[in-house]
Amino acid sequence: MSAKSVRVIPGFSATLGLTIGYLSLVVLIPLAALILKAAGMTAQQWLDTLTDARVLASFRLSFGGAAIAALINGVFGLLVAWVLVRYPFPGRKLIDAFIDLPFALPTAVAGIALTALYAPNGWIGQLLPFKVAFTPLGAIIAMIFIGVPFVVRTVEPVLQDVDSELEEAAACLGASRVQTFLRVILPSIAPALLTGISLAFARAVGEYGSIIFIAGNLPGVSEIAPLLIVTKLEQYDYVGATAIACLMLAVSFAMLLAINMLQKWNRQRLGGLS
Amino acid sequence: MSRAATRDPILVRWLLIAVAVSFLALFLVLPLAAVLTEALRKGADAYWRSLGGDDTLASIRLTLLVAGIAVPLNLAFGLAASWAIAKFDFAGKAWLISFIDLPFSVSPVISGLIYVLLFGAQSALGPWLIEHDVKIVFAVPGIVLATIFVTFPFVARELIPLMEEQGRDEEEAALTLGAGGLRTFWAITLPNVKWGLLYGVLLCNARAMGEFGAVSVVSGHIRGLTNTMPLHVEILYNEYDFVGAFAVASLLALLALVTLGAKTTLEWWHRDELAAAGRH
Amino acid sequence: MIDVSHLSKRFGGFNALDDVSLRITPGKLVALLGPSGSGKTTLLRILAGLDHADGGAVHLNGLDASSLKTRDRRVGFVFQHYALFRHMSVAENVAFGLKVRKGPDKPSKAEINDRVARLLDLVQLSGLAGRYPSQLSGGQRQRVALARALAVEPRLLLLDEPFGALDAQVRKDLRRWLRQLHDDMGLTSVFVTHDQEEALELADEVVVMSKGRIEQIGTPADIYDNPATPFVFQFLGNANRLEAQVQNGIAQVAHWRVPAPAIADGPALAFIRPHEIEIDPSGNDAVIRHQVILGPTVRLDLHLPGGAHAEAVIDRDSHARLGLEPGRQVGLGARRVVVFAAP
């Protein structure tokens with residue numbers, strides 16, 4: 001067979017050209033500007049930025065907070081997906097539709113709303129014996145909010161596809177419901193769950209709008225890495241901003257790659273058995 | 001159907017439902033309720049007054065303008081990209097798809113940063129731009145560019161799997177019947193993907209109007225000139241004009257609810273005609 | 001001993017089981033035979049505790065099963081599509097039922113490994129212990145499912161369409177093998193099938209079901225030779241269905257007069273199997289309309305006086321010897337005519 005088959009449908013070069021052209025203009029060239037800037041930096045500049053205590057603290061909050069938020073979302077997202085898939089109850093469809101709110105609600109709106117709720121005199125804040133708003137805890141709350149849909153939406157369809165015969169087989173073999181969940185259901189949805197958690201994590205690491213209102217932004221304490229980029233830009237410290245941005249990008253791409261490999265591995269392992 | 005062996009005890013069921021609903025109420029419903037309550041804290045008059053302010057109206061106009069440019073451009077791109085990717089085979093296709101998805105995995109702040117690095121006064125292009133009095137960063141073009149970047153994948157991502165699923169048979173049939181390329185696109189392809197297209201445009205528009213981080217970096221925050229609605233929310237909030245901030249926020253929240261409603265309606269009525277993949 | 005008494009089950013407006021009673025003798029291999037929708041799988045699932053009946057009771061060794069949860073019943077269930085755990089290897093699948101045991105019942109690791117090895121040996125899959133289900137053929141998966149069900153030493157083995165998803169040759173081999181296994185282990189087994197050949201070949205006892213009811217229970221020879229209802233006769237092989245008239249205990253079926261002592265006067269139904277019709281080249285009871293050669297046999301489409309049709313099947317040799325061809329008049333004999341009262 002010849003590698004180049006005849007293309008019957010017209011418009012290939014036009015649409016592909018347009019696609020690549022626009023992609024380059026809007027995405028690739030600007031990203032290249034970042035890489036170029038980073039490539040021009042000396043080792044000393046890198047070292048200075050990345051060992052700065054304030055930078056390190058912001059990474060600790062962005063990555064650590066995102067990890068905590070993603071894990072909390074993993075637990076509750078799985079629970080929500082389970083309830084939505086398994087238990088019919090009044091209002092289920094409405095709740096299901098509502099899950100996507102964090103995708104649709106502008107982050108600034110979410111930010112001020114969460115702040116109002118968790119401020120010391122807010123609806124929730126006044127009930128709590130400890131401070132949430134204007135502390136690192138506030139940042140984590142915002143990270144949980146924006147991550148809610150990721151786990152639910154990745155787990156839901158997979159949970160739907162778990163064959164009820166598998167659970168029945170487990171019951172026949174003497175397994176309790178808890179054993180069936182832990183040994184049969186959880187392993188079959190684990191890849192989706194991990195994917196959802198990784199996506200929530202990646203999103204939370206880069207999140208800016210919903211966090212800056214509630215976190216308090218105290219340098220070294222409740223300042224997230226994206227905010228530090230903005231601060232450095234305002235101080236015309238382009239080198240510092242670029243270094244932080246590059247490190248964050250590297251981590252999110254590593255996450256993305258890990259997710260892809262996880263899914264590929266899982267597909268290979270389970271094969272085409274229906 | 002009652003599958004006796006796999007049904008959980010009723011107590012367990014209601015307990016789990018209660019926990020799940022509480023979690024969602026705490027994290028999704030309460031913030032939304034807070035927006036409306038705070039916006040109306042000083043009564044409806046104060047609410048409408050703050051929406052009628054000149055700077056607020058300017059921010060609404062700018063938001064509409066930015067979305068009005070970014071969404072059609074990304075729509076056109078989405079159609080071209082999905083046509084090229086779904087209807088043809090070529091080397092490097094998987095790479096192309098990954099590149100299209102790229103903006104989703106970039107922090108909004110970085111999305112803004114790259115345009116500052118490219119067009120800012122300190123950049124290689126900077127002196128030339130200043131000389132020719134072209135303002136991109138800290139002006140409307142920068143806001144439009146950053147918005148295009150963050151909303152770049154929405155339409156394409158919805159359409160590519162959908163068009164791939166549709167296959168090429170119908171287009172090839174139309175061509176053998178004598179239809180031209182554009183005619184085939186309008187008469188065959190577009191009707192097949194119209195709901196998916198609408199779905200993508202809805203999400204794209206919601207993000208375009210609501211984007212904060214990327215726009216914040218390139219805007220320069222000039223009241224009445226380079227403030228979109230989300231940025232205006234921030235300014236009002238930082239000036240302790242809470243009613244004003246939440247009033248503008250309530251408009252954006254309304255946009256979110258309308259988007260969610262339309263999206264859900266599409267999913268209920270046209271589930272089969274929407275691509276299963278790429279929901280966010 | 002398994003006692004099923006007056007079971008009923010409805011799904012919406014559909015009667016899946018309607019007053020079903022049945023006794024299963026220990027050590028027997030029983031087939032539940034019927035078309036789809038006859039309730040046979042529902043009955044099997046209720047025996048396993050996977051569904052609840054709306055009415056009636058199941059007693060396992062004298063104990064009311066409704067008090068037993070599925071997992072306490074010690075029932076081995078082989079699903080139609082096997083329901084193997086995809087993320088577990090063959091050995092892990094087989095070991096599952098032993099690993100989930102708790103307390104003093106839980107075997108040690110060595111015991112589990114030992115039992116798994118013996119079971120895999122039994123189902124002839126020793127070399128594949130480390131494989132995943134996706135790497136197995138259909139017949140191999142079926143045997144893993146069986147080994148997994150046997151691992152918990154069930155009191156009762158239930159199989160839902162055990163050969164349904166396999167191709168013809170594998171099905172034949174597995175059938176023979178399963179019968180052998182059953183005889184060796186002496187386990188009470190019930191399997192569901194819609195294939196009458198499978199039921200007749202494999203089972204000690206066949207339960208024929210239709211529309212949620214039991215039509216007949218008996219040995220394969222019994223139900224084949226003495227079908228209790230028109231349904232059973234028709235379901236177990238090809239049948240010619242002919243109108244009959246009964247008068248004074250004698251049924252008139254086409255030109256045949258058949259004793260029918262138990263049937264009231266009036267219209268009735270008669271059945272004749274195609275291969276139980278004998279062709280007499282010198283008679284004139286019917287006309288051959290059409291003939292089809294089917295390998296070793298020939299099927300004749302016969303036109304009877306009064307507009308009725310019948311099929312006869314004879315072997316190729318007789319066909320050639322008698323010199324039969326379409327359009328010819330022939331005489332018809334019948335080795336067996338079964339008459340039922342009109343429904």
Side-chain angles (χ1 to χ4, degrees), chain A residues 7-12 15-16 18-19 22-23 26-27 30-31 33-34 37 76 79-80 82-83 87 89 95 97-98 100-101 103-110 112-114 116-117 123 144-145 148-149 153 164 167-168 171 177 202 206 208-209 226 229-230 233 238 241 245 248-249 252 256, chain B residues 3 5-6 8 13 16-17 19-20 23-24 27-28 30-31 34-35 38 77 80-81 83-84 87-88 99-100 102-103 105-110 113-118 122 148-149 152 168 171-172 175 181 206 210 212-213 217 230 233-234 237 245-246 249 252-253 256 259-260 264 279-280:
Chain A
R7 293 193 167 107
V8 188
I9 302 175
F12 176 65
T15 53
L16 188 68
L18 188 65
T19 302
Y22 186 72
L23 177 75
V26 175
V27 178
L31 274 176
L34 178 75
K37 179 88 187 165
F76 284 96
L79 182 79
V80 169
W82 176 273
V83 165
Y87 307 145
F89 61 93
I95 290 177
F98 224 68
D100 288 326
L101 182 73
F103 286 153
L105 195 69
T107 52
V109 178
I112 61 171
L114 289 172
L117 282 178
W123 291 346
I144 295 175
F145 170 83
V148 167
R153 290 300 185 224
S164 57
E167 293 170 58
E168 290 177 346
R177 283 298 286 159
Y208 174 72
I229 295 180
V230 174
L233 271 183
Y238 295 102
M248 287 180 61
L249 271 186
S252 31
L256 217 63
Chain B
R3 288 183 175 263
T6 60
D8 302 315
R13 256 187 294 166
L16 294 181
I17 291 175
V19 175
F23 173 76
L24 295 177
F27 277 96
L28 301 185
L30 273 184
V35 171
E38 294 291 332
F77 161 76
W83 180 269
K87 304 295 175 193
F88 303 98
F99 279 137
I100 290 175
L102 208 55
S105 36
V106 173
S107 169
V109 169
I110 299 177
L113 168 70
I114 55 178
Y115 288 103
V116 174
L117 292 180
L118 198 62
Q122 86 299 338
I148 289 177
F149 182 93
F152 181 81
R168 305 166 193 181
E171 281 78 11
E172 285 170 356
L175 292 166
F212 179 76
V217 172
V233 168
E234 186 196 17
Y237 189 84
F246 280 101
L252 290 168
T259 304
L260 272 190
T264 307
R279 288 186 98 174
H280 33 80

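Lettering follows sequence order; numbering is per chain, from 1. Nothing here was measured: the structure is a model prediction, and the numbers come from that model.
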Item to check | Non-hydrogen side-chain atoms of B:Val116 and A:Tyr238 separated by less than 4.5 Å | outcome: yes

Checklist entry - Where on B:Glu38 is there a heavy atom nearer than 4.5 Å to chain A: the side chain, the backbone, both, or neither? => result side chain

Checklist entry - With a 4.5 angstrom heavy-atom cut-off, which part of B:Pro108 approaches chain A: side chain, backbone, both or neither? => result both

Checklist entry - Which heavy-atom pair separates B:Phe212 from A:Gly209 by the least distance, and what is that distance? => result CD2-CA, 3.3 Å

Item to check | Nearest heavy atoms of B:Leu260 and A:Ala97, plus distance in Å | outcome: CD2-O, 3.8 Å

Item to check | Contact winner vs chain B - A:Ile95, A:Ile144, A:Leu256, heavy-atom pairs under 4.5 Å | outcome: A:Ile144

Checklist entry - So what's closer than 4.5 Å to chain A heavy atoms on B:Leu16: side chain, backbone, both or neither? => result both

Checklist outcome for this item: Taking every heavy atom of B:Ile148 against every heavy atom of A:Tyr22, the minimum-distance pair comes out as CG2-OH, 3.2 Å

Next on the checklist: Testing the basics here: between B:Ile110 and A:Ala245, what is the closest heavy-atom pair and its distance to 0.1 Å?
Outcome noted: CD1-O, 3.6 Å

Item to check | Top of A:Ile229, A:Leu23, A:Leu18 for chain B proximity - count of heavy-atom pairs under 4.5 angstrom | outcome: A:Leu23

Next on the checklist: Only pairs of heavy atoms separated by less than 4.5 Å count here; which of A:Pro226, A:Gly11, A:Ala116, A:Ser252 has the most with chain B?
Outcome noted: A:Pro226

Next on the checklist: As an exercise: rank B:Ala20, B:Gly213, B:Pro230 by heavy-atom pairs under 4.5 Å with chain A and give me the winner.
Outcome noted: B:Ala20

Checklist entry - What residue in B:Ala245, B:Ala34, B:Ala206 has the most heavy-atom pairs under 4.5 Å with chain A? => result B:Ala34

Item to check | A:Ala33 versus B:Leu118, closest heavy-atom pair with distance | outcome: CB-CD1, 3.5 Å

Next on the checklist: Nearest 0.5 angstrom please: A:Leu31 CG to B:Phe99 CZ, how far?
Outcome noted: 9.5 Å

Checklist entry - How close do B:Ala249 and A:Ile112 get, heavy atom to heavy atom, and via which atoms? => result CB-CD1, 3.8 Å

Checklist outcome for this item: Checked B:Ile17, B:Thr264, B:Leu175 vs chain A; the most non-hydrogen pairs under 4.5 Å come from B:Ile17

Item to check | chain A contact via B:Ser105 - side chain, backbone, both or neither, heavy atoms under 4.5 Å | outcome: both

Item to check | Reported CH2-to-CD1 distance for the pair B:Trp83 and A:Ile9, which is rounded to 0.5 angstrom | outcome: 6.0 Å

Checklist entry - In terms of heavy-atom pairs under 4.5 Å, which option from B:Val106, B:Ile100, B:Val35, B:Asp8 contacts chain A the most? => result B:Asp8

Checklist entry - Which bit of A:Leu16 is near chain B, if near means a heavy-atom gap under 4.5 Å: side chain, backbone, both or neither? => result both

Checklist outcome for this item: Of the listed B:Ala253, B:Pro103, B:Pro31, the one with the largest count of heavy-atom pairs under 4.5 Å with chain A is B:Pro31

Checklist entry - Considering only heavy atoms, which portion of B:Val217 lies under 4.5 Å from any heavy atom of chain A: side chain, backbone, both, or neither? => result side chain

Checklist outcome for this item: So CG of A:Leu79 and CG of B:Leu24: to nearest 0.5 Å the spacing works out to 9.0 Å

Next on the checklist: When you compare the side chain of A:Phe145 with that of B:Leu28, does any pair of heavy atoms fall below 4.5 Å?
Outcome noted: yes

Next on the checklist: To the nearest 0.5 Å, what is the distance between CG on A:Leu34 and OH on B:Tyr115?
Outcome noted: 12.0 Å

Next on the checklist: With a 4.5 Å cut-off on side-chain heavy atoms, are A:Val27 and B:Phe152 touching?
Outcome noted: yes

Checklist entry - For B:Phe27, is it the side chain, the backbone, both, or neither that has a heavy atom closer than 4.5 Å to a heavy atom of chain A? => result both

Checklist entry - Relative to chain A, which segment of B:Tyr237 carries a heavy atom at a distance below 4.5 Å: side chain, backbone, both, or neither? => result side chain

